[in-house]
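Only a predicted model underlies this, so the values are computations on that prediction, with no experimental measurement involved.
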Amino acid sequence: DTSEDTPSIRPPRTPAAPADPSFRAAAVHLLPGAAAYVGADVMAGVFASGMAYGQETSLLVDVGTNGEIVLKHGDRFWGCATAAGPAFEGSGLSCGMRAGRGAISHIRLDHGSDAPEVEVIGNAPPIGVCGTAYVDFVAQSRRTGILRHNGRFSPEADRHPRVQPGPHGREFIVAAGADGKPIYVSESDVARLLQAKAAIAAGIVCLLNCAGVTPPDVQILYLAGGFGFHMDVQNVIRCGLLPGFRPDQISLVGNTSLAGAYLALLDSSVLDEIKRISAQMETIELNLVPGFESCYIDQLAVMG
């Protein structure tokens with residue numbers, strides 16, 4: 001009964017706990033960023049990776065929803081960001097999930113075997129696929145002839161026992177899920193992954209071009225991101241994410257944003273140092289770079 005004659009019944013209010021007086025004097029510090037999309041997270045990565053202090057030409061690529069890229073060449077820094085979307089984090093994909101217990105983290109395909117070899121986080125029954133395994137699949141299915149250069153399944157793939165038609169194009173069955181349903185990668189999933197990798201790859205190409213640098217000129221490429229430390233470098237290159245680079249140039253550095261925040265907690269002078277580095281950054285707006293869209297379209301079809 002919700003009539004006005006019915007009195008409202010509310011639970012008794014719990015008194016708020018008194019504030020700890022020691023918190024009143026606590027200071028909150030925010031790490032500085034260079035620009036709106038070249039923010040504090042990537043600047044923390046520039047500091048934590050050590051690239052700011054090396055003499056060599058170096059590149060930091062932070063793979064995430066926003067692919068953030070920083071180039072150091074001589075005494076100059078260039079930075080940009082590109083909208084990769086959440087595909088590398090498993091979001092929006094048929095069987096995608098975050099890297100947690102039960103996630104397939106690596107996929108290996110062999111010419112001589114129909115069944116893929118998979119690794120599952122926590123050695124648990126699989127329940128989905130996370131970003132590192134999607135990178136593996138794109139690279140290895142291209143290598144074994146399942147995928148064509150444009151990301152579509154090849155005609156020969158129809159004869160593969162693990163390829164079947166689905167509502168979003170053909171599907172490759174990776175494993176049986178813990179719930180008995182198949183875990184698969186569809187052509188639609190591959191298209192989303194190629195869009196994500198093309199955005200980052202085009203950002204790298206355009207940033208290097210703006211500085212007059214080519215991939216062989218880069219002595220070290222720091223590949224960062226929440227899942228970057230667990231990537232297979234060969235597959236990262238094969239899928240076209242890092243165009244023109246070699247495995248020996250790449251250093252997997254993991255979550256450098258978090259590492260930079262930890263360092264700032266341990267040493268307050270880190271704030272001033274990151275601010276100094278941020279002030280040197282030349283920010284490139286990729287939407288204003290001539291040819292960026294053409295470069296993005298070209299990178300959609302670039303796979304090893």
Side chains of residues 54-71: which donor-acceptor partners sit under 3.5 Å, not counting sequence neighbours?
residue, atom, partner, partner atom, Å
T57, OG1, H73, ND1, 2.8
T65, OG1, E89, OE1, 3.2

For residues 119-126, which side-chain donor-acceptor pairs fall under 3.5 Å, sequence neighbours excluded?
residue, atom, partner, partner atom, Å
E119, OE2, R108, NH1, 2.9
E119, OE2, R108, NH2, 2.9

With a 3.5 Å cut-off and sequence neighbours excluded, list the donor-acceptor pairs that the side chains of residues 280-287 form with protein atoms.
residue, atom, partner, partner atom, Å
Q280, OE1, R276, NH1, 3.0
E282, OE1, R76, NH2, 2.8
E282, OE2, R76, NE, 2.8
E282, OE2, R76, NH2, 2.9

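Screening residues 148-172 for ring-ring contact (aromatic ring centres under 6.0 Å, His included) gives F137-F172, H160-F172 as the qualifying pairs, with residues at least two apart or on separate chains. Counting only residues at least two apart or in different chains, ring-ring contact (aromatic ring centres under 6.0 Å, His included) contacts with residues 177-217 are absent.
Taking the side chain as every heavy atom from C-beta outward, I173 and Q164 approach each other to under 4.5 Å. Using a 4.5 Å heavy-atom cutoff, the side chains of L223 and V253 are not in contact. Taking 4.5 Å as the limit, some side-chain heavy atom of Y53 sits within range of a side-chain heavy atom of E273. Here the side chains of P247 and I250 are not in contact, with every heavy-atom distance at 4.5 Å or above. No side-chain heavy atom of L31 sits less than 4.5 Å from a side-chain heavy atom of F47. Using a 4.5 Å heavy-atom threshold, the side chains of L93 and R192 count as touching. C95 places a side-chain heavy atom less than 4.5 Å from the side chain of Y134.
Every residue meeting the side chain to side chain contact (heavy atoms under 4.5 Å, CB included) condition with A201, not counting sequence neighbours, appears here in chain and number order: P243, Q299. The salt bridge (Lys or Arg N to Asp or Glu O under 4.0 Å) test applied to R148 returns no partner, not counting sequence neighbours. For R170, the salt bridge (Lys or Arg N to Asp or Glu O under 4.0 Å) partners are D158, E187, not counting sequence neighbours. For E171, there are no salt bridge (Lys or Arg N to Asp or Glu O under 4.0 Å) partners at least two apart in sequence or on another chain. Take I297 and apply the side chain to side chain contact (heavy atoms under 4.5 Å, CB included) test, not counting sequence neighbours, and it matches no residue. Not a single salt bridge (Lys or Arg N to Asp or Glu O under 4.0 Å) links D114 to another residue, sequence neighbours left out.
Going from atom CG of N209 over to atom SG of C295 covers 7.0 Å, rounded to the nearest 0.5 Å. The distance from atom CZ of R142 to atom OG1 of T144, rounded to the nearest 0.5 Å, is 10.0 Å. Atom NZ of residue K72 and atom CD of residue Q219 lie 10.0 Å apart, to the nearest 0.5 angstrom.
Following chains of ILVMFWY side-chain contacts shorter than 4.5 Å, one can reach F77 starting from L271, so the two form part of one hydrophobic cluster. Note: the hydrophobic cluster containing L252 also contains I237 (ILVMFWY, side chain heavy atoms under 4.5 Å, direct or indirect links). A continuous path of hydrophobic side-chain contacts links F245 to V213 [ILVMFWY only; heavy atoms under 4.5 Å]. Clustering ILVMFWY residues whenever any of their side-chain heavy atoms sit less than 4.5 angstrom apart, transitively, puts Y37 in a cluster other than the one holding L207. Linking Ile, Leu, Val, Met, Phe, Trp and Tyr residues whenever their side-chain heavy atoms come within less than 4.5 Å leaves V38 and V205 in two separate clusters.
Nearest approach of L300 to L194, heavy atoms of both residues: CD2-O, 3.6 Å. Across G203 and F292, no two heavy atoms sit closer than the pair N-CE1, 4.0 Å. The two residues S154 and G145 come nearest to each other via the heavy atoms OG-O, 2.7 Å. Here the closest non-hydrogen pair linking M43 and I277 is CE-CG2, 3.7 Å. Considering every non-hydrogen atom in both M231 and V236, the closest pair reads SD-CG2, 3.5 Å. In terms of heavy atoms, S257 sits closest to V42 at OG-N, 4.4 Å.
Taking Ile, Leu, Val, Met, Phe, Trp and Tyr as hydrophobic and joining them when side-chain heavy atoms fall under 4.5 Å apart, one finds I127 in a cluster with M97.
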Check your understanding: Which is it for L208 and V218 under the side-chain contact (heavy atoms from CB on, under 4.5 Å) test, yes or no, and what are the steps along the way?
Key -> CA-CA 9 Å; L208 294 182; V218 177; 4.2 Å; yes
Practice item. Take I107 and V174 through the test side-chain contact (heavy atoms from CB on, under 4.5 Å) and record every step on the way to the result. Key: CA-CA 8 Å; I107 299 172; V174 175; 3.9 Å; yes
Practice item. Evaluate the side-chain contact (heavy atoms from CB on, under 4.5 Å) criterion for residues Y296 and T82: first the C-alpha distance (whole Å), next the side-chain angles of each, then the deciding distance (0.1 Å), finally the verdict. Key: CA-CA 11 Å; Y296 169 76; T82 180; over 6 Å; no
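Using a distance-only test at 3.5 Å, with no hydrogens or angles considered, no donor-acceptor pair links the side chain of D136 to the main chain of A133. In this structure, Q195 contributes its side chain and A87 its backbone to no donor-acceptor pair below 3.5 Å. Without hydrogens or angle criteria, S186 side chain to D189 main chain gives a donor-acceptor distance under 3.5 Å. Between the side chain of R143 and the backbone N or O of L109, at least one donor-acceptor pair lies under 3.5 Å. Judged by distance alone, the side chain of T132 and the main-chain N or O of H106 form no donor-acceptor pair under 3.5 Å.
D272 and S269 share no donor-acceptor pair across their side chains, judged by distance under 3.5 Å alone.
In D75, the CG atom is not crowded: 12 or fewer heavy atoms of neighbouring residues, nucleotides or ligands sit closer than 6.0 Å.
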